[in-house]
2 protein chains.
Amino acid sequence: MSPRQADPGARTGLIEAGARIIAVEGPAAVSARRLGREVGASTSAVYTHFGGMAEFRRAVRGEGFARLATHLDAVPITDDPVADLTRLGWAYCTNALTNPHLYRVMFMEAPIDPADAQTGWDTFERLVSTVQRCMDAGRFVRCPTALHGAEQIWTMTHGVVSVVLSGMIDLDQAEKLLNDMGASVFVGLGDSWNDAGRSIAAGRPSNMGVLAAIRTAPSPSRARPSTGRTSGPPGGKHQSR
Amino acid sequence: MSPRQADPGARTGLIEAGARIIAVEGPAAVSARRLGREVGASTSAVYTHFGGMAEFRRAVRGEGFARLATHLDAVPITDDPVADLTRLGWAYCTNALTNPHLYRVMFMEAPIDPADAQTGWDTFERLVSTVQRCMDAGRFVRCPTALHGAEQIWTMTHGVVSVVLSGMIDLDQAEKLLNDMGASVFVGLGDSWNDAGRSIAAGRPSNMGVLAAIRTAPSPSRARPSTGRTSGPPGGKHQSR
DNA sequence: ATCCATTGCGTAACAGCGTTACCTTACGCC
DNA sequence: GGCGTAAGGTAACGCTGTTACGCAATGGAT
């Protein structure tokens, strides 16, 4: 007694439509009706394939992690693991800043449940193993475990990315922050200032900058045409007190 | 020709109701109808006082910044500016983790416009001036400007807080990260390892931990009763490769 | 004191949202 | 070939933000 079986392509079609809508118009534009219209189905498609919008959003988040993993895996492995770490950081930033809405859905929405956290850490496996290579190479001599080092590097990078997405600092400052804090964290993990500086310079993307493309195409989503000033943090006169 | 003038208390009443609902039930529970019901008015109150839900949310965000400023201003000023900086960091974390929903609204939602970014930096004035004191005391000898140092410290702290809120790491790991990365950043700004360690120890909240209260009351909002495990990052077997 | 322009604000309607009950339809096994 | 099962469309429910409309209240001008 095998009844009609669901179209296997429909599920991935919905997820891709969701990711596309999020990328272009933001998470608010994703609705069951819109998704149905987009794939030529009705609202109930979301319910037969996912059980509800909440589960659907989880699936889209998983797609986001998969895409991030693809970006990270594209980073080559060289004999300078700290430079590789730097390259992973830039790849992470590029992925996040070219798909800000998807990044927000992945890391900045309501707390994800433990299973999703595991998914996140699985995609960071590449980061953890690179930190391990830094330890094996005698660069991160003060790093207790690869996971702890990876947590530091990811937290720092995520902090910078997230602060750029919030509009509190601009891309130029973010670049400075990543360079300076990256060096500080690497040294804190045991590298020497000279070696860290050399590896960070080596890991700097050749087509400087990767972020230039993002800078010229400021907002791939916000419908608001422009409020005028681009501002950033408080001007230069901000030498404190 | 002066017509009936609006109740001046209605505006603040709406904002406070919004902040309260966000804190308890999350941003999704805030609606024009709910707000009207809450203050004994109708949906149009939001429109006469704010012009729409978007403007209203901006006002609530401003309220969040005001509360954060209050928390930061409560931190005493001592003769160890780096310890003061540490205390500011803990105050920031306590504020964020006791009001996670409000924090999310302030820093993790759609890009705020330049005026709001200015508001944010105004509430960080206290942080900037404390970094300046660290420079004046000869502690942050490698820090080019107080604003740059403040950006580093805030970005790092926000990164950790935000990663806790995302559920990817737990509070114990966050505490380690804040201590370790805080030391790295302080040293990167020019402090010595010994001085940084001493000041961080001095700035550690006496009632250790401030976060214990948060840990015991895990989630002041999520209606979901419990999915079972509390997990966190991947278990201990995660020593990489 | 009266009047009236002006604005606050409640009511009701609109379109769109997530979700679900109901029903038709298409499929694989007997 | 027919039947049972599940896919998936239709339509409704209550919710949302937003707005047009109308009544109520108010302070200056008369």
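Model, not experiment: these values are computed from the prediction. Scope of the values below: all heavy atoms of this structure, side chains included, with no hydrogens, waters or symmetry mates. Labels below follow one simple rule: chain letters A, B, ... track the order of the sequence lines, proteins then strands, and each chain is numbered from 1.
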For Glu63(A) and Arg67(A), run salt bridge (charged side-chain N to carboxylate O under 4.0 Å, His left out): C-alpha distance rounded to whole Å, both residues' side-chain angles, the deciding distance at 0.1 Å, then the answer.
-> CA-CA 6 Å; Glu63(A) 170 71 13; Arg67(A) 292 185 187 186; 3.0 Å; yes
Candidates dT10(D), dC17(C), dG17(D) - which lies nearest the side chain of Ala32(B) = dG17(D)
Short side-chain N/O contact to dG8(C) OP1/OP2 from Thr48(B), under 4.0 Å | no
Arg34(A) CZ - dT19(C) P separation (whole Å) | 18 Å
So which nucleotide from dA11(D), dG18(C), dG10(C) ends up closest to the side chain of Ala41(B)?
-> dG10(C)
Taking CZ from Phe50(A) and C1' from dG8(D), how many angstroms apart are they, rounded to a whole number?
-> 14 Å
Closest of dG10(C), dT19(C), dT16(D) to the Ser44(B) side chain is dG10(C)
So, is His49(B) near the phosphate of dG8(C), with a side-chain N or O under 4.0 Å from OP1 or OP2?
-> no
Mind calculating the distance between CG (Leu35(B)) and P (dT18(D)) to the nearest angstrom?
-> 12 Å
Give a yes/no on whether any side-chain N or O of Ser42(B) is located under 4.0 angstrom from OP1 or OP2 of dT11(C).
-> no
When we call it a touch if two heavy atoms are under 4.0 Å apart, what does Gly36(B) touch: a base, just sugar-phosphate, or nothing?
-> nothing
May I have the distance from Met53(B) (atom CE) to dC17(C) (atom P), rounded to whole angstrom?
-> 18 Å
Tyr47(A) has a side chain; which of dT20(C), dG10(C), dG17(D) sits nearest to it?
-> dT20(C)
Please tell me which of the listed nucleotides, dA13(C), dG18(C), dG9(D), lies nearest to the side chain of Arg33(A)?
-> dG18(C)
Look at the rings of Phe124(A) and Trp121(A) and say which category their plane angle falls in: under 30° parallel, 30 to 60° tilted, over 60° perpendicular.
-> perpendicular
Shortest non-hydrogen contact between Leu178(B) and Cys93(B), atoms and distance = CD1-SG, 3.6 Å
For the student: nearest non-hydrogen atoms of Ala146(A) and Val131(A), plus distance = O-CG1, 3.6 Å
Nearest-Å distance for atom pair CZ/P, residues Arg37(A) and dG16(C) | 8 Å
Least distance between heavy atoms, Ala23(B) atom then Asn99(B) atom | CB-OD1, 3.8 Å
